[in-house]
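Each remark here refers to the structure printed beneath this line.
Order of the sequence lines fixes the chain letters, A, B, ..., with proteins taken first and strands second; residue numbering starts at 1 for each chain.
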4 protein chains.
Amino acid sequence: MPEKPMLSRMGASVPDRIWVQGRDLCGELLGKIGFAEMTWLELTGELPTAQQTALLEAMLLTLVEHGATPMAIATRLTYLGAPEALQGAVAAGLLGMGTTFAGTAEGAARMLYAALADAPGDADLVELAAQVVDRELDAKRQIFGIGHHLHKPIDPRTPVLFDIAKRNGYKGRYVALMQAVAAAAERRTGKSMPVNATGALGALCCELGLDWRLCRGLAVIGRAVGLVGHIAEELRTPIAREIWMRTEDAIARSVAVADAAEVGV
Amino acid sequence: MPEKPMLSRMGASVPDRIWVQGRDLCGELLGKIGFAEMTWLELTGELPTAQQTALLEAMLLTLVEHGATPMAIATRLTYLGAPEALQGAVAAGLLGMGTTFAGTAEGAARMLYAALADAPGDADLVELAAQVVDRELDAKRQIFGIGHHLHKPIDPRTPVLFDIAKRNGYKGRYVALMQAVAAAAERRTGKSMPVNATGALGALCCELGLDWRLCRGLAVIGRAVGLVGHIAEELRTPIAREIWMRTEDAIARSVAVADAAEVGV
Amino acid sequence: MPEKPMLSRMGASVPDRIWVQGRDLCGELLGKIGFAEMTWLELTGELPTAQQTALLEAMLLTLVEHGATPMAIATRLTYLGAPEALQGAVAAGLLGMGTTFAGTAEGAARMLYAALADAPGDADLVELAAQVVDRELDAKRQIFGIGHHLHKPIDPRTPVLFDIAKRNGYKGRYVALMQAVAAAAERRTGKSMPVNATGALGALCCELGLDWRLCRGLAVIGRAVGLVGHIAEELRTPIAREIWMRTEDAIARSVAVADAAEVGV
Amino acid sequence: MPEKPMLSRMGASVPDRIWVQGRDLCGELLGKIGFAEMTWLELTGELPTAQQTALLEAMLLTLVEHGATPMAIATRLTYLGAPEALQGAVAAGLLGMGTTFAGTAEGAARMLYAALADAPGDADLVELAAQVVDRELDAKRQIFGIGHHLHKPIDPRTPVLFDIAKRNGYKGRYVALMQAVAAAAERRTGKSMPVNATGALGALCCELGLDWRLCRGLAVIGRAVGLVGHIAEELRTPIAREIWMRTEDAIARSVAVADAAEVGV
């Protein structure tokens with residue numbers, strides 16, 4: 001049976017040279033481009049424009065750090081158990097970047113791409129947004145990228161991201177549709193439902209033409225930095241053992257209270 | 001029992017503001033600093049100088065991409081099985097960033113820090129390097145950061161990294177000692193043993209004053225970008241299933257050959 | 001703000017005793033029950049009957065080993081990179097137990113539970129199966145648990161599992177509905193679509209009354225054994241480096257062929 | 001270049017049959033052997049005796065569950081973030097099975113194998129143990145497998161495990177040496193240092209002839225069951241979000257106290 005080709009152009013090496021995406025790592029990239037440009041190169045195979053770099057840089061920064069998230073706690077607890085394997089502690093934290101937290105950006109991007117895939121250039125985005133919102137809410141599905149449990153009435157990251165997009169020529173119809181979706185959802189539900197940071201990131205992924213399935217990848221890259229940061233702090237001022245101890249104690253107290261209640265004490 | 005304090009200053013949020021390392025994410029960081037500066041901020045709690053940024057940027061770039069590494073293959077195979085969880089595919093790849101590949105940078109940094117910890121400012125680095133090499137080789141231990149199975153007679157990344165370090169004022173005695181260790185190892189073994197990329201990265205971590213245990217963290221951050229890159233390519237031109245099929249076939253052939261040999265066919 | 005209770009009854013320890021699920025580990029469990037019984041105890045908080053144990057044991061065994069799967073390859077490649085952290089190599093392999101391979105059992109269980117949730121005890125399962133198949137195929141959705149790319153015309157594991165279920169009193173209407181779904185799908189598509197091993201496992205999860213979301217957990221437990229097995233073999237006869245080398249070579253050859261074709265050679 | 005053989009005999013499949021370790025899964029294994037026997041088969045390629053099964057079963061049970069460990073907490077927090085990927089939540093927990101918790105069993109086994117590798121059959125184990133303890137403590141290294149922060153004066157699991165080993169004919173000189181090491185360490189330090197559960201497991205791995213590097217594998221298999229158990233409980237009575245909230249609150253309080261102290265309030 002003839003084998004199928006196995007094509008990959010990510011990188012190659014010979015004794016005196018390393019190519020990354022067809023470019024000479026030592027001659028063309030190291031010291032010549034920044035880390036965000038390298039990220040774009042890896043994702044697309046092309047070097048970005050200055051405008052793409054500026055926007056991507058802001059997008060990557062957005063999700064780096066959010067304090068003691070479940071991911072950061074998981075990383076610290078894992079590092080406590082396996083300090084010989086920092087990579088495992090970072091991996092443990094990244095594994096929490098699923099649908100609950102990071103999946104919303106990709107959900108938003110997917111929705112925006114789908115809604116505009118067949119729409120004419122002059123489509124009425126307010127009308128389109130209303131259709132999307134009605135369809136999702138009628139089917140009792142979540143609309144990704146709007147609302148936030150803490151950041152109210154607006155998510156402070158959203159206007160900054162959209163402003164950076166505007167200055168770099170990337171505030172187009174995906175952003176407009178995302179904003180129209182938020183407005184339509186507010187009208188229908190009567191609740192404040194502004195575009196949140198993941199909704200903004202999803203819309204900007206679309207503006208940059210990135211596959212919606214890579215939105216979560218940007219979140220993972222940014223959060224990898226944050227999780228290494230938490231390990232760096234854990235090395236200076238460790239708290240993982242105390243998190244563990246307090247959790248054990250709190251559970252023991254809850255069990256004692258529940259048991260006492262059951263036996264009528 | 002009074003609880004111990006649980007101090008962490010990585011980040012905090014209120015409805016209209018997010019602080020990262022005590023700085024206002026939306027007002028001071030987004031659109032104002034780059035991704036490498038954010039990385040430094042996360043690792044140290046401080047914003048870097050332009051020189052520190054330039055060096056860190058090159059260091060982060062170095063390990064992003066090296067083609068079809070075991071890590072990249074593991075990521076692609078995992079994505080094949082669990083496309084709903086990109087974070088798991090990246091995590092699977094990162095888990096291979098252990099002692100074999102990424103651990104050498106931290107081993108080099110640890111060795112350099114230890115060797116210079118109590119050395120006077122005018123210590124003879126050639127003499128010190130000879131002592132280190134003799135001690136390690138006498139104990140039949142590996143010397144981290146020198147030699148490479150492919151990149152001979154020199155690793156092309158090393159002179160570029162050291163040149164960037166020099167231009168930014170960070171080519172100091174850790175780099176000098178790393179080079180002296182390589183030279184001493186060559187004299188003692190008679191083999192070509194130049195400083196490789198991980199040795200260079202380990203020395204530069206020391207020059208920047210980073211904890212040696214964070215060397216692996218820089219490798220993990222860089223490689224996270226590369227692994228998302230491999231997923232991006234897998235979405236365009238998938239090869240994971242073919243890797244799997246060829247591996248299965250090759251094993252079946254090897255088993256058939258071995259079985260035939262045993263029964264004297 | 002009063003804190004919510006944090007109830008967990010999995011385990012507790014005092015200096016001379018360890019409780020697991022409210023039972024004395026040393027006095028009641030160690031040497032008294034088997035590993036499969038312990039698994040049931042962990043999943044449900046209760047000790048199983050002999051019949052439940054026999055069925056669970058067979059279910060756990062089913063997915064332990066399937067040769068050079070993507071998961072096993074990922075585990076071996078990760079172990080090559082990080083032999084200091086066996087836990088990471090197993091984790092890397094488990095991360096591939098997603099929707100493609102392991103998700104089908106949970107999909108089948110979810111479908112069966114949903115279909116029978118409101119069905120009367122004497123519901124016509126053939127009619128019900130036809131409705132399920134029509135609804136799923138009309139919506140162009142996959143029907144989980146039927147068909148197999150290799151095991152044709154039947155998956156040899158299915159009749160063995162159903163026979164064990166029958167002997168232990170657990171071949172009830174979930175199994176019957178799963179079989180009826182397969183038959184209905186065959187009728188509609190004209191293709192052979194027997195119940196596969198994951199369909200059988202999904203149906204048996206329902207018979208045992210386990211949450212459909214735990215089906216994947218049983219697969220993960222079984223496969224953890226298999227992946228440690230692959231590491232054991234890798235220690236005796238390593239193949240990870242060769243898998244890597246062949247993959248690199250195959251990619252290089254494919255790229256060379258593609259490049260030659262493009263330049264018209 | 002002729003390729004090296006890639007031998008693996010873990011498993012193989014044809015349409016109507018699946019072999020595991022050269023045995024017919026459906027005809028010889030399913031419904032015929034238990035889960036612990038399958039584990040032994042995977043680790044060694046052979047079916048175990050009844051005695052080996054009984055001992056392995058107890059060993060696997062020992063580490064399944066220990067309440068709200070860092071691993072269990074990491075699993076629950078990860079499941080909160082990525083409920084679509086149960087495999088990732090289990091993997092996150094397993095990643096904490098490193099040197100701190102699970103590594104001690106393998107450290108103990110390695111020490112015992114090394115100490116008895118060249119010892120004659122009638123070696124004085126008390127003398128040998130004293131040498132081992134002196135060598136390790138003189139070099140300021142940890143002796144693996146003795147002492148426990150909670151289980152004092154003895155670890156209640158140890159006598160039970162050793163009793164099961166005795167009844168099955170596996171209480172040999174590795175167990176004796178482990179006990180002698182504990183006694184020698186107590187004599188030298190003046191502190192109570194009984195053999196703990198991981199020390200017992202390490203010694204029993206040696207008695208069974210398993211590679212010391214697989215000790216951690218047994219811990220990983222056992223703990224995989226426990227972590228799926230925690231997810232099962234989390235589905236019934238969720239606590240992950242509360243763990244997160246309390247950790248965030250505790251950090252915020254600690255930071256407020258520290259800040260107040262600094263400004264002299």
Sort out for me which of C/Ala85, C/Ala250, C/Pro70 touches chain B most, counting heavy-atom pairs under 4.5 Å. C/Pro70
Presence of salt bridge, C/Glu84 and B/Arg216, under 4.0 angstrom: yes
B/Glu248 side chain vs C/Thr69 backbone, donor-acceptor pair below 3.5 Å: no
Quick one: does B/Thr78's side chain have a donor or acceptor within less than 3.5 Å of a partner on C/Leu95's backbone? no
Can you list, pair by pair, the side-chain donor-acceptor contacts under 3.5 Å of residues 193-204 of chain C, counting residues two or more places apart and other chains?
residue	atom	partner	partner atom	Å
C/Asn196	OD1	C/Thr198	N	3.1
C/Asn196	OD1	C/Thr198	OG1	2.8
C/Asn196	OD1	C/Gly199	N	2.8
C/Asn196	ND2	C/Gly147	O	2.7
C/Thr198	OG1	C/Thr104	OG1	2.9

Over 12 non-hydrogen atoms of neighbours within 6.0 angstrom of CZ in B/Arg110: no
Need one label for C/Ile251: side chain, backbone, both or neither, based on atoms under 4.5 Å from any heavy atom in chain B. side chain
Of all of B/Thr247, B/Leu77, B/Thr99, which one pairs up most often with chain C through heavy atoms under 4.5 Å apart? B/Thr99
When only pairs under 4.5 Å are counted, which of C/Gly81, C/Gly67, C/Gly98, C/Ala82 shares the most heavy-atom pairs with chain B? C/Gly81
Between C/Gly96, C/Ala252, C/Ala240, which shows the greatest number of heavy-atom pairs under 4.5 Å with chain B? C/Gly96
Give a yes or no on whether the backbone of C/Ile73 and the side-chain of B/Trp244 come within a donor-acceptor separation of less than 3.5 Å. no
Please classify the contact between C/Ile239 and chain B as side chain, backbone, both or neither, with a heavy-atom cut-off of under 4.5 Å. side chain
